[in-house]
Amino acid sequence: MATPGPRPELPAPRVVWPEGFAARLEAFVPRVAARRERREGAGSGSLLGAGEEFVGHRPYRAGEDLRRLDWGLLARSDQPFVRRTRREAAESWAVVLDTSASMGLGEPGKLSAGATLAAAVAAVGARGGATVQVVTGAAPPLEVRRGAPLGRLLEGLGSLEAGGSGGLAELLGSWRPPSGCGFVVVVGDLVGAEPRDLAPWERPGRELALAQVLAPEELAPPQEGVVRWFDPEGEGSRLAGGADAMRRYDQRLEAWLEGWARAAGRPGLRWSVGSSAVPFEERARAILEGGTG
């Protein structure tokens with residue numbers, strides 16, 4: 001039953017870096033960045049260059065090589081455009097980290113796990129030459145570029161605290177990736193969001209990866225005894241227990257995850273789910289290399 005009163009205190013509202021995280025990140029970034037560079041350079045040669053698949057057009061910028069102009073489009077529209085390639089689109093990334101109250105749950109905390117993933121993805125992108133925006137909704141976007149010290153990135157992410165009732169859906173609705181952004185990674189528990197919320201972010205030539213982070217007890221709650229459940233972005237709490245309650249929870253969880261899995265069938269959209277206890281290297285590598293971990 002629901003119980004009135006103040007909202008329960010979040011058990012893990014702050015970012016706690018795992019032991020030796022900075023050193024692990026320093027070792028992780030160059031290895032994965034080098035693998036990405038080798039893979040992207042392995043495409044077959046073409047007029048656009050190795051691995052440079054055509055994905056659309058963008059306006060011509062003064063000073064650019066005139067050989068990049070699409071002369072046929074110029075003749076038809078009387079406006080100068082250049083052919084945009086997948087490699088060029090990949091030079092701009094965005095990492096979106098949910099910091100709403102529901103991320104303050106778990107052991108390890110979901111916000112801590114999400115921050116490690118955001119740091120790893122942003123650092124690899126910058127190492128590869130991309131300009132990366134790290135967006136949280138709790139502070140102005142943090143821009144990360146090649147050569148920037150990791151300490152600044154870790155300081156910004158380490159100062160975050162879970163809170164607020166808007167959830168990820170509010171962040172998805174209040175911010176849009178720049179039109180030239182080729183790779184967007186969304187890290188969070190996806191509580192309160194639905195696949196349709198992502199539709200404005202999807203576009204040809206853009207890769208959108210959803211990294212869902214759930215607490216171990218959310219993925220596999222205790223099957224015996226009484227469990228206190230509460231909505232960190234709502235009010236009140238309730239007690240539940242017994243086989244029937246756990247079976248209903250498992251059914252709802254399975255249906256929820258299946259909905260995201262179906263959405264991942266859309267072009268350019270990937271989704272994965274994992275526990276906050278999974279080492280960041282495993283999940284970040286899958287995100288960056290196109291896997292489902």
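Keep in mind that this is a model prediction, so the values were computed, not measured.
How far CH2 of W260 is from OG of S272: 12.0 Å, rounded to the nearest 0.5 Å. Between the CH2 atom in W71 and the CZ atom in R76 there is a gap of 14.0 Å [rounded to 0.5 Å]. The CG atom of L142 sits 7.0 Å away from the CG atom of L157 when rounded to the nearest 0.5 Å. Interatomic distance, L171 CG to T136 OG1, rounded to the nearest 0.5 Å: 7.5 Å. Note that the CG atom of L105 and the CG atom of L111 stand 10.5 Å from one another [nearest 0.5 Å]. W271 contributes atom CH2, which lies 13.0 Å from atom CG of L198 (distance to the nearest 0.5 angstrom).
For R206 (side chain) and C181 (main-chain N/O), a donor-acceptor pair under 3.5 Å exists by modelled atom type. The backbone N or O of A148 lies less than 3.5 Å from no partner atom in the side chain of R152, so there is not a single donor-acceptor pair. R283 places a side-chain N or O within donor-acceptor distance of the main-chain N or O of Q212, the cut-off being under 3.5 Å. Using modelled atom types, one side-chain atom of R270 and one backbone atom of I287 make a donor-acceptor pair closer than 3.5 Å. Side chain of S100 to main chain of G164: no donor-acceptor pair is present (N/O by atom type, distance under 3.5 Å, no hydrogens or angles). Put simply, the side chain of R176 never gets that close to the backbone of P200: no donor and acceptor are under 3.5 Å apart.
Nearest heavy-atom pair across A122 and V95 is N-CG2, 4.2 Å. When all heavy atoms of G259 and P195 are compared, the closest pair comes out as O-CG, 4.1 Å. Among all heavy-atom pairs drawn from A138 and T99, the shortest one is CB-OG1, 3.8 Å. In terms of heavy atoms, A162 sits closest to L10 at O-CD1, 3.8 Å. For the pair G106 and P11, the tightest heavy-atom approach, listed with the atom from each and the gap, is N-CG, 4.5 Å. Heavy atoms only, all atoms of each residue included: A193 and L172 are closest at CB-CD1, 4.2 Å.
Of the charged side-chain nitrogens involved, none lies within less than 4.0 Å of a carboxylate oxygen, so that R247 and D250 do not count as a salt-bridged pair. Salt bridge annotation for E254-R252: absent, with no cationic side-chain nitrogen under 4.0 angstrom from a carboxylate oxygen.
You'll find the side chain of R24 reaches within 4.5 Å of the side chain of P279, heavy atoms only. Using a 4.5 Å heavy-atom cutoff, the side chains of P18 and P108 are not in contact. Counting heavy atoms from C-beta outward, V135 and L97 have side chains that stay 4.5 Å or more apart. Residues W175 and V96 form a side-chain contact, since some pair of their non-hydrogen atoms from C-beta on lies under 4.5 Å apart. Within the 4.5 Å cutoff, the side chain of S112 has no heavy atoms near those of the W17 side chain. Put simply, the side chain of L269 does not reach to within 4.5 Å of the side chain of W201, judged on heavy atoms. Looking at V124 and R36, their side chains come closer than 4.5 Å, going by heavy atoms from C-beta outward. Counting heavy atoms from C-beta on, the side chains of L25 and L154 come closer than 4.5 Å.
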Intermediate values then yes/no, salt bridge (charged side-chain N to carboxylate O under 4.0 Å, His left out), E289 and R35: CA-CA 9 Å; E289 297 182 353; R35 280 203 298 269; 2.8 Å; yes
Side chain to side chain contact (heavy atoms under 4.5 Å, CB included) between F183 and L288, worked out: CA-CA 10 Å; F183 186 36; L288 291 161; 4.2 Å; yes
Worked verdict on V144 versus V134 for side chain to side chain contact (heavy atoms under 4.5 Å, CB included): CA-CA 8 Å; V144 186; V134 181; 4.1 Å; yes
Residues W93, Q133; criterion side chain to side chain donor-acceptor pair (under 3.5 Å); working and verdict: CA-CA 6 Å; W93 291 18; Q133 284 195 67; over 6 Å; no
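A single hydrophobic cluster is not seen to contain both V16 and M103; linkage of ILVMFWY side chains at heavy-atom distances under 4.5 Å, directly or through other members, places them apart. Two different hydrophobic clusters hold V186 and V278 under the rule that ILVMFWY side chains link at heavy-atom gaps under 4.5 Å.
Within the structure, salt bridge (charged side-chain N to carboxylate O under 4.0 Å, His left out) contacts touching residues 160-173 (residues at least two apart or in different chains) are R14-E161. Residue pairs meeting the salt bridge (charged side-chain N to carboxylate O under 4.0 Å, His left out) criterion with at least one member in residues 100-111, sequence neighbours excluded: K110-D189, K110-E218.
Sparse packing is recorded around CD of E155, with 12 or fewer heavy atoms of other residues, nucleotides or ligands lying under 6.0 Å away. Atom CD of E19 has 12 or fewer neighbouring heavy atoms from other residues, nucleotides or ligands inside a 6.0 Å radius. Crowding of R266 atom CZ: a count of heavy atoms from other residues, nucleotides or ligands under 6.0 Å exceeding 12.
For the pairing with T131, the side chain to side chain donor-acceptor pair (under 3.5 Å) check across R145, E91, E143 returns one residue only, R145.
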